[in-house]
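In what follows, every chain begins at residue 1, and chains take the letters A, B, ... in the order their sequences are listed.
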Amino acid sequence: MKASKYPLFTQKNEPSDAEIISHKLMIKAGLVRQQSSGQYSFLPIGLRILKKIENIIRQEMNAIGSAEILMPSIQPRELWQESGRWDDYGPELLRLNDRHDREYCVGPTFEEVITDLIRKELNSYKQLPINLYQISSKFRDEIRPRFGIMRAREFTMKDAYSFHMDNTCLDEWYEVYKEAYNKIFTRLQLEYTMVDADSGNIGGSKSNEFHVIADTGEDDLLIDKHGVGINFEIAKEKYKTDDIEKISSENDLIHKKGIEVGHIFKLGDKYSKSMNLSIADSENNSHFLQMGCYGIGVSRIIAAAIEQNYDANGIIWPKSISPFDVVLIEIDGDKNKDVREYSENIYEMLIDKELDIILDDRNAKLGNKLNDWELIGVPQFIIIGRSEAQNNEVTYKKRGSAEKDTLKHDDIYNVLTS
RNA sequence: CGGGGUGUAGCGCAGCUUGGUAGCGCGGCUGGUUUGGGACCAGUAGGUCGUAGGUUCGAAUCCUAUCAACCCGACCA
């Protein structure tokens with residue numbers, strides 16, 4: 001990727017309608033642009049980050065044997081009436097009619113659609129368990145969207161669904177997903193915690209939330225010394241008081257703010273019963289399937305990661321989700337043929353080694369380039385000017401540190417990947 | 001939905017109190033001088049002041065309505 005041909009949309013001025021740091025930086029660094037309330041276009045850099053997160057999730061879902069599918073976002077009223085949620089879900093469900101005046105909603109979640117799919121496809125209990133997931137756009141008509149993509153109306157979510165013959169199997173798979181979630185958030189290099197949670201209008205018997213810890217989080221968490229936590233919403237019921245300070249001091253719990261980025265549920269037979277998803281066992285006795293569902297707010301993770309990783313100059317991406325592994329900045333390459341050629345050589349060499357690299361060959365000053373990439377948050381810089389080109393070396397710098405090191409040509413790759 | 005403030009150039013803002021037909025910074029474009037951490041000089045383009053109506057000789061400015069996005073609250077995987 002060459003910056004001269006790659007549209008960057010960084011801006012110097014603070015956006016006027018952004019309140020929290022992640023929102024401000026996402027606008028300034030040119031990751032997203034607002035289209036209307038709670039709806040954002042992803043610009044090239046923003047989409048690269050989204051795809052990096054998606055791919056980590058995809059790999060870990062595939063690793064546990066969950067298979068990727070894709071379902072339609074516009075869903076017929078009939079399915080939602082079967083589950084009872086056409087009436088229960090409320091105004092957050094965006095409803096619309098087609099040209100034949102048939103009623104639909106824009107999917108905020110997909111229990112109905114996938115339950116319908118499985119009841120049509122499932123022939124035998126021997127096919128169970130079934131584990132499927134998708135990564136797609138969801139729409140929730142929030143009362144008040146806010147904080148940029150943090151609480152958007154349209155957002156990218158990974159939702160997985162599991163189908164089981166019995167509770168024991170559901171319990172086992174619930175733990176498998178839980179473990180996969182721990183792997184995902186560890187790979188994303190985020191400080192996070194899992195808490196017991198309220199299952200809300202998704203329903204079911206048990207649920208756990210995964211929160212990225214951040215002061216700007218909208219959820220109150222109570223965490224014990226082993227890192228095990230509970231959402232304040234259910235702590236209120238458990239301890240029969242609304243006083244969060246009282247609960248935390250009396251029970252030796254630490255109060256922290258969290259951004260909910262994942263939520264897993266044991267649904268039990270809520271949807272299989274209402275939508276009649278059942279199968280005969282080996283003795284020909286019919287059973288409603290046990291279900292689980294497992295969500296991750298993919299786009300929200302971008303904002304959450306920024307809330308945890310930034311400084312006065314901009315974003316600082318964890319290596320795992322940075323839009324690029326490294327930016328190669330040439331100084332006056334447009335005027336100095338040696339610099340340009342040498343930069344291109346280094347660039348080609350690193351591409352061959354499959355690093356995600358962008359060569360900033362724009363006709364701009366060094367300070368401008370550095371400021372752009374510090375704002376965007378790429379974790380590693382290689383700088384090439386006249387002296388580097390002459391001496392067959394490069395200047396290496398990490399995001400967030402003022403220190404600059406000189407690297408010999410042969411050491412570049414090792415340092416970048418260490 | 002209740003409360004609050006806000007809509008003026010791509011972005012950030014001033015002008016409004018006290019009506020006289022728009023200005024600043026950033027960004028853009030052209031030329032020149034610069035160039036190892038956001039350069040400087042000169043020139044230049046870009047806005048029927050959210051929209052509609054009203055008052056007035058005259059409205060960005062006053063009045064009414066309306067729309068939009070933002071903040072607080074209720075609500076929310």
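- Pair assignment for B/G7: B/C67, on the basis of Watson-Crick or G-U wobble contacts that are both within less than 3.5 Å.
- Base-pair partner of B/G28: B/U44 (Watson-Crick or G-U wobble, both distances under 3.5 Å).
- Counting distance only, with no hydrogens placed and no angle test, the side-chain atoms of A/Glu374 and the base atoms of B/G37 include a donor-acceptor pair under 3.5 Å.
- The pairing partner recorded for B/G23 is B/C13, the criterion being a Watson-Crick or G-U wobble arrangement whose two distances lie under 3.5 angstrom.
- Counting non-hydrogen atoms under 4.0 angstrom, A/Gln34 reaches the backbone sugars and phosphates but no base.
- With respect to A/Glu68 and A/Arg58, a salt bridge is recorded, a charged nitrogen being found less than 4.0 Å from a carboxylate O.
- If you check B/C76, B/A74, B/C70 against the side chain of A/Ile143, the one that comes closest is B/A74.
- With both ends at atom C1', the span from B/G12 to B/U17 equals 24 Å, rounded to whole Å.
- Annotation: B/A52 and B/A59 have their C1' atoms spaced 15 Å apart (nearest Å).
- In this structure, the side chain to side chain donor-acceptor pair (under 3.5 Å) partners of A/Tyr181, at least two apart in sequence or on a different chain, are A/Lys158.
- Aromatic ring pairs are classed by plane angle as parallel below 30°, tilted from 30° to 60° and perpendicular above 60°; the pair A/Tyr6 and A/Phe324 is perpendicular.
- With rounding to whole Å, A/Glu218 atom CD is found 11 Å from B/A74 atom P.
- For the P atoms, the distance from B/C70 to B/U30 is 36 Å, rounded to whole Å.
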Please produce a list of atom pairs where a protein N or O lies less than 3.5 Å from an N or O of nucleotides 2-9 of chain B.
none

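- In summary, A/Lys2 and A/Glu330 do not engage in a salt bridge, as defined by a charged side-chain N under 4.0 Å from a carboxylate O.
- With salt bridges taken as basic N to acidic carboxylate O contacts below 4.0 Å, one links A/Arg399 and A/Asp311.
- Summarising the base pairing, B/C76 is matched to no nucleotide, lacking a Watson-Crick or G-U wobble pair whose two defining distances lie under 3.5 Å.
- Heavy-atom distances to RNA chain B give each of A/Pro108 and A/Ser36 a nearest nucleotide, and the one nearer the 5′ end belongs to A/Ser36.
- Ion pairing between A/Asp171 and A/Lys266 holds under the 4.0 Å rule for side-chain N and carboxylate O.
- With hydrogens and angles left out, the side chain of A/Lys28 and the base of B/G12 share no donor-acceptor pair within 3.5 Å.
- As judged by a 4.0 angstrom heavy-atom cut-off over every strand, A/Phe381 is placed among residues making no nucleic acid contact.
- For A/Arg146, taking side-chain heavy atoms from C-beta onward, the closest of the listed nucleotides B/C11, B/C71, B/G38 is B/C71.
- Both A/Glu142 and A/Glu14 lie near RNA chain B, and the one whose nearest nucleotide falls closer to the 5' end is A/Glu14.
- Distance check, rounded to the nearest 0.5 Å: CG of A/Asp361 to CZ of A/Arg340 gives 5.0 Å.
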Interface polar pairs with nucleotides 26-31 of chain B, N/O, under 3.5 angstrom:
residue : atom : partner : partner atom : Å
B/G27   : OP1  : A/Lys12 : NZ           : 3.1

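- Residue A/Asp88 contributes atom CG, which lies 16 Å from atom C1' of B/C75 at whole-angstrom precision.
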Residues 8-17 of chain A, side-chain donor-acceptor partners within the protein, below 3.5 Å, at least two apart:
residue : atom : partner  : partner atom : Å
A/Thr10 : OG1  : A/Asp372 : OD1          : 2.9
A/Gln11 : NE2  : A/Asn13  : O            : 3.4
A/Glu14 : OE2  : A/Lys28  : NZ           : 3.2

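- Contact annotation for A/Asp372: base contact, defined as any heavy-atom pair under 4.0 Å involving a base atom.
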Decide yes or no on side-chain contact (heavy atoms from CB on, under 4.5 Å) for A/Leu79 and A/Trp86, but give the supporting numbers first.
CA-CA 8 Å; A/Leu79 289 180; A/Trp86 185 260; over 6 Å; no

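- Rounding to the nearest 0.5 Å gives a distance of 7.0 Å between NE2 of A/His255 and CG of A/Leu221.
- A gap of 36 Å separates the P atoms of B/C72 and B/G53, to the nearest Å.
- Within the nucleic acid shown, A/Lys397 comes within 4.0 Å of at least one base atom, counting heavy atoms only.
- For the P atoms, the distance linking B/U66 with B/C29 amounts to 44 Å, nearest Å.
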All N/O contacts under 3.5 Å from nucleotides 33-36 of chain B to the protein, with atom names and distances to one decimal?
residue : atom : partner  : partner atom : Å
B/U35   : O2'  : A/Asp332 : OD2          : 3.2
B/U35   : N3   : A/Lys335 : NZ           : 3.4
B/U35   : O4   : A/Lys335 : NZ           : 3.4
B/G36   : O6   : A/Arg386 : N            : 2.8
B/G36   : O6   : A/Ser387 : N            : 3.0
B/G36   : O6   : A/Glu388 : OE1          : 3.2
B/G36   : N1   : A/Glu388 : OE1          : 2.7
B/G36   : N1   : A/Glu388 : OE2          : 3.1
B/G36   : N2   : A/Glu388 : OE2          : 2.6

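- Residues A/Arg85 and A/Glu111 are paired through a salt bridge, judged by an N-O separation under 4.0 Å between the basic side chain and the carboxylate.
- Taking only side-chain nitrogens and oxygens, A/Ser37 never comes nearer than 4.0 Å to OP1 or OP2 of B/A69.
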Please list, for nucleotides 41-47 of chain B, all pairs of protein and nucleotide N/O atoms separated by less than 3.5 Å.
none

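- Separation of the P atoms belonging to B/G50 and B/G10 is 13 Å when rounded to the nearest angstrom.
- In this structure, the CG atom of A/Asn368 is 11 Å from the P atom of B/G37, given to the nearest Å.
- The minimum heavy-atom distance linking A/Glu307 with A/Ser22 is given by the pair OE2-OG, 2.6 Å.
- The P atoms of B/A22 and B/G46 are separated by 14 Å, rounded to the nearest whole Å.
- Ring planes of A/Tyr177 and A/Tyr294: parallel class, angle under 30° (limits at 30 and 60°).
- Here the C1' atom of nucleotide B/C75 and the CE atom of A/Met150 are 18 Å apart, to the nearest Å.
- The partner of B/G38 cannot be assigned: no Watson-Crick or G-U wobble pair with both contacts below 3.5 Å exists in any strand.
- If you take CG of A/Asn363 and P of B/A39, they are 13 Å apart, rounded to a whole angstrom.
- Protein atom NE2 of A/His263 is 13 Å distant from nucleotide atom P of B/C76, rounded to whole Å.
- Aromatic ring pairs are classed by plane angle as parallel below 30°, tilted from 30° to 60° and perpendicular above 60°; the pair A/Tyr40 and A/His23 is perpendicular.
- Put simply, OH on A/Tyr89 is 12 Å from C1' on B/C75, counting in whole angstrom units.
- Taking the C1' atoms as reference points, B/C63 lies 24 Å from B/G3, given to the whole Å.
- A salt bridge does not link A/Arg362 to A/Asp334: none of the charged nitrogens lies less than 4.0 Å from a carboxylate oxygen.
- Atom CG in A/Asp141 sits about 12 Å away from atom C1' in B/C76, given to the nearest Å.
- Salt-bridge annotation for A/Lys257 and A/Asp215: absent, with no side-chain N of the basic residue lying under 4.0 Å from a carboxylate O of the acidic one.
- Between A/Tyr89 and A/Trp80, the distance separating the two ring centers is shorter than 6.0 angstrom.
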